[in-house]
Amino acid sequence: MIRLGLCCIFRNAPIKFRRTTARYLLSISKAKREEHLATICMHNADALYRALQFCGANGIGAFRINSQILPVKTHPEAGYDLGKLPGGDRIIARFKQCGAFAREKGLRTTFHPDQFLVLSSTDADVVKRSIADLEYHAMVAGWVTADVINIHGGGAYGDKKSALGRLAGVIRGLDPEIGSRLTLENDDRVYTPADLLPVSMETGVPLVYDVHHHRCLPDGSSAEQTTEAALATWNREPLFHLSSPLNGWEKGPCRPHHDFIDPKDFPDCWKDLDLTVEVEAKAKELAVLRLKNALTRDSG
DNA sequence: AGCGGTCAAGTTGAT
DNA sequence: ATCAACTTGACCGCT
C-alpha cells in the first residue's frame, strides 16, 4: 500500500500554524515573551491535532510537521524550555495527545528540519547548533511518535569525500533518540543518492529518495536502481519524496514545485510497494487528494 | 483593515 | 564582494 504524506501546511482547510521571530521576542519583556510563546505553542499543538484529524478523515496517511512548531526554540538568546512556559505542562500533554491520536489512526508523522541544520560543516559551532536543533526535533518527535527526522547532506566545501566522512562521523556519535529517527535525503545541488547510499549503509541511517531531485541532479543510476538500493536502507516503512516541476521537465529551471503532481511523475516501480510518499506540491492537501484519486483509478 | 518590510541560522552559485 | 535561492508564508508595526 502507498501511504501519501502531506507537508506542513494546508491550502484550503482552515488549519494554520503560528510563528514568531527572535527579533520581536527580544524586544518585549520576559513575562510578555513567555506569555506570547505559550499562546503560540499551545495554538500549534491544537493545530497539529486538527491537522491529524483532517488526515485521518481524508485518507492521508502521513503528516510532515513544520520545524517551527515550537518557534525559535533553539535560538541562542530567545530560545526557551517549553515546560517552563506558563501552562507548559498542558502544552506538552496536548502534543502527547497528538501522538496518541496518530497511533490510534495509524498515521505517520515526520520532521524535515531546514537547510541551516548541517552536520557535514567544517565549523564545529555549526555542527553543535545543528545537533541542538536535532535534540529539539527528537524531543517533540517523542511526544508525537514521529519516526523520521529527515535532513540533507549539507555542503561539499570543495571536497565531497571529506564532507561525507565528517557527516558519517557526526551521525555515529548521535544520541539514539536522534539517530533512531534520522534519515538522509538526496538534494538537487550537491548530494546524489549515489553519494549518500554508502553513508546510509555505513551508519544505518535510511535514505529518503527524492526522485525529483534525482532528475535535477542525476548520478547515472536509474530510478529503478536507486529505488531498490534506497529500500534496502530502511528498517521501517520506507519514505520517499515526490514533486512535479513548475515549468515542465523540458524548459527552464526544474527546481520550483508545481501546485499539483503529474501522475506520470509517480514512478511505476513504486506502485506495488509498502511505502510512504511525501507529496511536495504547493496545492498541499488538494494535491495529495488529487494524486490519491489518480493512483486509485490507475490500480482499479 | 490593509499593506510593506522583515524574519536566526548555511551553502552554493550567479552576478 | 554581494546576494538571491532553497522552504514560503505569516508576523508585527505603521498608516
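Letters A, B, ... are given to chains in the order of the sequence lines, protein chains preceding strands, and every chain is numbered from 1. Below, each value reflects all heavy atoms present in this structure, side chains not excepted, and no hydrogens, waters or symmetry copies.
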Sequence neighbours excluded, which residues qualify as side-chain contact (heavy atoms from CB on, under 4.5 Å) partners of [X]?
{"X": "A/Ser180", "result": "none"}
{"X": "A/Glu77", "result": "A/Leu26, A/His75"}
{"X": "A/Ala283", "result": "A/Arg11, A/Asp259, A/Phe260, A/Leu286, A/Ala287"}
{"X": "A/Thr122", "result": "A/Tyr157, A/Arg166"}

By side chain to side chain donor-acceptor pair (under 3.5 Å), which residues pair with A/Arg90, not counting sequence neighbours? none
Share the residues that join A/Ile28 in a hydrophobic cluster, the rule being Ile, Leu, Val, Met, Phe, Trp or Tyr side chains under 4.5 Å apart at the heavy-atom level. A/Tyr24
Scan residues 167-176 of chain A for pairs that pass salt bridge (Lys or Arg N to Asp or Glu O under 4.0 Å), counting only residues two or more places apart or in two chains. A/Arg172-A/Glu202
By the salt bridge (Lys or Arg N to Asp or Glu O under 4.0 Å) test, which pairs, at least two apart or in different chains, include something from residues 16-27 of chain A? none
Distances for protein N or O near nucleotides 9-15 of chain B N or O, under 3.5 Å:
residue	atom	partner	partner atom	Å
B/dA9	N6	A/Gln68	NE2	3.3
B/dG10	OP1	A/Arg129	NH2	2.9
B/dT11	OP1	A/Ser121	OG	2.9
B/dT11	OP1	A/Tyr157	OH	2.3
B/dT12	OP1	A/Ala156	N	2.6
B/dT12	OP1	A/Tyr157	N	2.9
B/dT12	O2	A/Arg189	NH2	3.1

Take N1-N3 plus N6-O4 or O6-N4 for Watson-Crick, N1-O2 plus O6-N3 for G-U, both under 3.5 Å. Which runs of 3 or more such pairs involve DNA chain C? B:1-7 with C:9-15, B:10-15 with C:1-6
Quick check on contacts: within residues 4-29 of chain A, what sits under 4.0 Å from DNA chain B by heavy-atom distance? A/Thr21, A/Ala22, A/Arg23
All salt bridge (Lys or Arg N to Asp or Glu O under 4.0 Å) counterparts of A/Lys264, not counting sequence neighbours: A/Asp262
